[in-house]
Structures are given as structure tokens and as C-alpha cells.
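Remarks on the structure that follows.
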Amino acid sequence: MPPHEERDYYERIYKVVNQIPRGQVATYGDIAAIVGDGCDGRIVGHALGALGPNSMKVAWQRVIGRNGKITTSGLHQPDKLAAEGVKFDERGCVLMDQFHWAGPSEAWARENGFQLLPKGGASDEPDNQLSLF
DNA sequence: GTGATGACGATAT
DNA sequence: TATATCGCCATCA
């Protein structure tokens, strides 16, 4: 990456969000972790909010809260996700066990100067990524 | 430059 | 498990 290191958090966030494959979701924290550089969930939220209510350029709908809970309201986010095949439980939370994005490919991440999702370590998810596609 | 705000996250109770 | 509180950091007023 160029040493300039522009803090275009928004641009980088959009780029990462667009990497989320259809039918999967990621959390704000995940996006922040991939963007790295001290980015955190709030930055991601601001970036997506700045896009607008229906920016078709970025799949903001695939970015949700930490528990898989929809943090937005009035944006029909659950509806959009459901249209992609994502399912929710009775509590309105995304079934993270099945639809949680594992992160970008290592090649892509390094190619664009991003980071991979930090591995949980202990009781993490046993990489039982079901190939939905 | 300072203070307030927010599409969050983690911890404490 | 659910609610309350603190911390985090880039924007905006």
C-alpha cells in the first residue's frame, strides 16, 4: 500500500462490504477488523449511513450488528436479506451460524491492503462453512 | 480547536 | 438472558 495511507475509511469500508457474497452477512466489527487501521464498528456504521437509504452501489444490507441483529430500522434490511436467501430466527436475528461471512480471500485482502478476519482462537467456529453456493 | 453525535462492541450488573 | 454503562473513533456543528 502506498505510504500515503489516506484515511478514506468510507472508501475502504465500501470496498470490503462489496466483497460480501450474496446470501451472506458480516458484522460491523468484522468489517472494521478487515479494514483495520484503528477502524471500528462505529466508523463502519457512519460510512454506510453516509451512503444513503438505498445505495445500490454497496451491499450495506449485508452488514449487521454483532449478534446478527438488525441495527437499522425502516430500511427494510431484513426484507432485502431474505430476498437473498438469508434467514432469521424468531428474534429477528440472522442465523449467523449459517450465513456469517468468513471474510475475504487472503489473496484479495493482501492485494487491496486489507486484513483477514482475526481467528477466534479457542471456542471459535469450527470452520464448518457450508458451501451454500 | 472543542464538544456533541452515532446504522457499534464489549463488559458489568 | 436482558439491560445498563463505558469506550472506541471519524464526522459534523
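Keep in mind the model is a prediction, meaning the values are calculated, not measured.
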*Just by distance, do the side chain of A:Asn67 and the backbone of A:Lys69 share a donor-acceptor pair under 3.5 Å?*
no
Do A:Gln77 side-chain atoms and A:Gln61 backbone N/O form a donor-acceptor pair below 3.5 Å? yes
Write down the distance between [atom1] ([X]) and [atom2] ([N]), rounded to a whole number of angstrom.
X: A:Ile20; N: B:dA7; atom1: CD1; atom2: P; result: 18 Å
X: A:Tyr9; N: C:dC9; atom1: OH; atom2: P; result: 9 Å
X: A:Asn67; N: B:dG9; atom1: CG; atom2: C1'; result: 10 Å
X: A:Arg66; N: C:dT1; atom1: CZ; atom2: C1'; result: 13 Å
X: A:Tyr28; N: C:dC8; atom1: OH; atom2: C1'; result: 16 Å
X: A:Lys80; N: B:dA7; atom1: NZ; atom2: P; result: 18 Å
X: A:Lys69; N: C:dT3; atom1: NZ; atom2: P; result: 11 Å
X: A:Met96; N: B:dG9; atom1: CE; atom2: C1'; result: 13 Å

Check: Is a donor-acceptor pair below 3.5 Å formed from side chain A:Tyr10 to base C:dA10, judging by atom type as modelled?
Finding: no
Measuring from the side chain of [X] (C-beta onward, heavy atoms only), which nucleotide among [options] has the closest atom?
X: A:Thr27; options: B:dA7, C:dC9, B:dG9; value: B:dG9
X: A:Ile43; options: B:dA7, B:dA10, C:dA10; value: C:dA10
X: A:Asp40; options: B:dA7, C:dC8, B:dG6; value: C:dC8

Under a plain distance cut-off of 3.5 Å, with no hydrogens placed, do A:Glu84 and A:Gln24 share a side-chain donor-acceptor pair? no
Per nearest nucleotide of DNA chain B, the residue lying toward the 5' end, A:Gly65 or A:His46, is A:His46
- prompt: Are A:Leu75 and A:Tyr14 joined in one hydrophobic group, where the rule is that I, L, V, M, F, W and Y side chains link up if heavy atoms are under 4.5 Å apart?
  reply: yes
